[in-house]
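Treat the numbers as computed from the prediction; the structure is a model and nothing was measured.
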Amino acid sequence: MKLTFYGHACFSVEIGGKSILFDPFITPNEKASSIDISTINPDYILITHGHEDHVADAITIAKQSGAKVVSNYEIVTWFGSNGVENGHPMNHGGSWSFDFGRVKYVTAIHSSVMPDGTYGGNPGGFIIESDEGSFYYAGDTALTYDMKLIPESTKLDFAVLPIGDNFTMGIDDAIKAADFIQCNKIVGVHYDTFGFIEIDHEAANNKFSNGGKELILLEIGETKNI
Ligand code: NI
Ligand code: MN
């Protein structure tokens, strides 16, 4: 699987020739000014929750690419009322097989409201299972015991976890989350974008390696085979 990081908690993964974009927040992110969103044409856009820092560019990219938007029912309905008709609504605990693999929408402990104040359902994360491998994107969340359920059904090759603290898990809880999900290869997101979530990269890397885990912090625009 090929993962490209677009800053904050936005990334894409290529599986089976399909491109899946997660939580697009690029044009409002000064740190991601090198990214031209007109070049991003995914087949799917997966949205964990309704906050601005996860949906800011989603309507634009959905319209230019024709990508299918996958999220909870309330968020997919909101996209529909904003002219994005190609949507697939889900809710917690549900799975669906798409042409690249199977997607499950799982619990996140956070909040969810759309940028215009519309109710955004309850926040979630995604488990993706495919012929090329499986991964978990937690979305914005606290550490939760529900994560322990994930390895009972899915052997993860990597996971994308928030590590910036304040609004989500910080480093220490992300290490516990890696234990809960039985996955030692963690891509960190949701850090450094703004003041409340700045982290010390070296300290973070040391804590993960002391815990026997790998923390991957990508440059914005960087692509990694994973
Ligand atoms: Ni959020
Ligand atoms: Mn967020």
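Salt-bridge formation is not detected for the pair Lys68/Asp43: no Lys NZ or Arg NE/NH1/NH2 atom is positioned less than 4.0 Å from an Asp or Glu carboxylate oxygen. Note on Lys31 versus Asp192: no salt bridge recorded, every NZ/NE/NH1/NH2 to OD/OE distance being 4.0 Å or above.
With Thr4 contributing its side chain and Thr223 its backbone, the two residues share no donor-acceptor pair below 3.5 Å. Between the side chain of Ser81 and the main chain of Trp78, a donor-acceptor pair closer than 3.5 Å is present. With Asn72 contributing its side chain and His92 its backbone, the two residues share no donor-acceptor pair below 3.5 Å. Looking only at distances, no side-chain donor or acceptor of Thr141 sits under 3.5 Å from a matching main-chain atom of Ala108. Side-chain atoms of Thr154 do not come within 3.5 Å of backbone N or O of Leu156 as any donor-acceptor pair. Listed for the Asn205 side chain is a donor-acceptor partner under 3.5 Å among the backbone atoms of His201. Put simply, the side chain of Ser130 never gets that close to the backbone of Gly101: no donor and acceptor are under 3.5 Å apart. Under the 3.5 Å distance criterion, the side-chain polar atoms of Asp23 are matched with a main-chain donor or acceptor of Thr48. Formation of a donor-acceptor pair under 3.5 Å by the His51 side chain with backbone atoms of Asp140 is not found in this model. The backbone N or O of Gly16 lies less than 3.5 Å from no partner atom in the side chain of Asp131, so there is not a single donor-acceptor pair.
No side-chain heavy atom of Ile199 sits under 4.5 Å from any side-chain heavy atom of Asp165. No side-chain heavy atom of Tyr191 sits under 4.5 Å from any side-chain heavy atom of Glu198. Side-chain contact between Ser12 and Pro42 is absent, with no heavy-atom pair separated by less than 4.5 Å. Contact of the Asn29 side chain with the Thr27 side chain is not registered, since no non-hydrogen atoms from C-beta on lie closer than 4.5 Å. Using a 4.5 Å heavy-atom threshold, the side chains of Val13 and Leu21 count as separate. For the pair Asn225 and Met1, the minimum side-chain heavy-atom distance is 4.5 Å or more. Side-chain contact check for Lys2 versus Ile226: every heavy-atom pair is 4.5 Å or farther apart. By the 4.5 Å heavy-atom criterion applied to side chains, Ser71 and Leu46 are not counted as neighbours.
At least one cation-pi condition fails for Lys18 and Phe100: the charged atom is not both under 6.0 angstrom from the six-membered ring centre and inside a 45 degree cone around its axis.
Glu14 CD to Ser19 OG: the interatomic distance, rounded to the nearest 0.5 Å, is 5.5 Å. Atoms CG and OG, on Asn122 and Ser111 in that order, are 10.0 Å from each other to the nearest 0.5 Å. The CD1 atom of Ile216 sits 12.0 Å away from atom CZ of Phe5, with the distance rounded to the nearest 0.5 Å. Considering NZ of Lys176 and CE of Met169, their distance stands at 11.5 Å, rounded to 0.5 Å. A distance of 11.0 Å separates CD in Glu222 from CD1 in Ile220, rounded to the nearest 0.5 Å.
Note on ring orientation: taking the six-membered ring where Trp is involved, the planes of Tyr44 and Phe98 are perpendicular (angle over 60°, cut-offs 30° and 60°).
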Go through it in stages, so that I can follow the logic: the residues are Asp53 and His8, the test is side-chain hydrogen bond (donor to acceptor under 3.5 Å, both in side chains), and I'd like the CA-CA distance, side-chain angles, deciding distance and then a yes or no. CA-CA 8 Å; Asp53 63 318; His8 195 50; 2.6 Å; yes
Test side-chain contact (heavy atoms from CB on, under 4.5 Å) on Ile20 and Val103 and set out the steps. CA-CA 11 Å; Ile20 304 127; Val103 175; over 6 Å; no
Please determine whether side-chain contact (heavy atoms from CB on, under 4.5 Å) holds for the pair Asp36 and Thr39, giving the CA-CA distance in whole Å, both sets of side-chain angles, and the decisive distance to 0.1 Å. CA-CA 6 Å; Asp36 174 4; Thr39 64; 3.7 Å; yes
Under the side-chain contact (heavy atoms from CB on, under 4.5 Å) criterion, do Met114 and Ile75 qualify, and how do the steps go? CA-CA 8 Å; Met114 310 314 298; Ile75 290 174; 3.6 Å; yes
Evaluate the side-chain contact (heavy atoms from CB on, under 4.5 Å) criterion for residues Ile128 and Phe22: first the C-alpha distance (whole Å), next the side-chain angles of each, then the deciding distance (0.1 Å), finally the verdict. CA-CA 12 Å; Ile128 314 293; Phe22 294 84; 4.3 Å; yes
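In the hydrophobic clustering of this structure, Val76 does not group with Val106; members are Ile, Leu, Val, Met, Phe, Trp, Tyr whose side-chain heavy atoms approach within less than 4.5 Å, directly or through other members. Both Met147 and Tyr145 are assigned to one and the same hydrophobic cluster, defined by single-linkage of ILVMFWY side chains at heavy-atom distances under 4.5 Å. Cluster annotation: Ile109 and Leu161 are assigned to distinct hydrophobic clusters (Ile/Leu/Val/Met/Phe/Trp/Tyr, side-chain heavy-atom contacts under 4.5 Å, transitive). Follow the hydrophobic side-chain contacts under 4.5 Å out from Ile45 and you reach Trp96 in the same cluster. Note: the hydrophobic cluster containing Ile171 also contains Ile186 (ILVMFWY, side chain heavy atoms under 4.5 Å, direct or indirect links).
Every side chain to side chain contact (heavy atoms under 4.5 Å, CB included) that Val160 has, sequence neighbours left out, goes to Leu3, Phe11, Tyr137, Phe158, Val187, Val189. A search for side chain to side chain contact (heavy atoms under 4.5 Å, CB included) contacts involving Thr60 returns Ile37, Gln64, not counting sequence neighbours. Taking Asp157 as the reference, nothing meets the salt bridge (charged side-chain N to carboxylate O under 4.0 Å, His left out) condition, with sequence neighbours excluded.
Here His110 and His54 keep their ring centres 6.0 angstrom or further from each other. Separation of the Phe126 and Tyr136 ring centroids does not fall under the 6.0 Å cut-off.
Ile26 and Cys10 get closest at one heavy-atom pair: CD1-SG, 3.9 Å. The minimum heavy-atom distance linking Glu74 with Gly120 is given by the pair CB-C, 3.9 Å. The minimum heavy-atom distance linking Ile47 with Ala58 is given by the pair CD1-CB, 3.9 Å. The nearest pair of heavy atoms linking Leu215 to Ala204 is CD2-CB, 3.8 Å. The shortest non-hydrogen separation linking Pro162 to Thr168 is CB-OG1, 3.4 Å. Closest approach of Lys63 and Gly83 over heavy atoms only: CE-O, 3.8 Å.
Clustering of Ile, Leu, Val, Met, Phe, Trp and Tyr by side-chain heavy atoms under 4.5 Å joins Phe25 with none of the others. As a member of the Ile/Leu/Val/Met/Phe/Trp/Tyr network built from side-chain separations under 4.5 Å, Phe167 groups with Phe194, Phe196, Ile197.
More than 12 heavy atoms of other residues, nucleotides or ligands sit less than 6.0 Å from atom CG of Asp116. Within a 6.0 Å radius of NZ in Lys104, other residues, nucleotides and ligands contribute 12 heavy atoms or fewer.
The stretch residues 208-218 participates, sequence neighbours left out, in these side-chain hydrogen bond (donor to acceptor under 3.5 Å, both in side chains) pairs: Asp179-Lys213, Asn184-Lys213.
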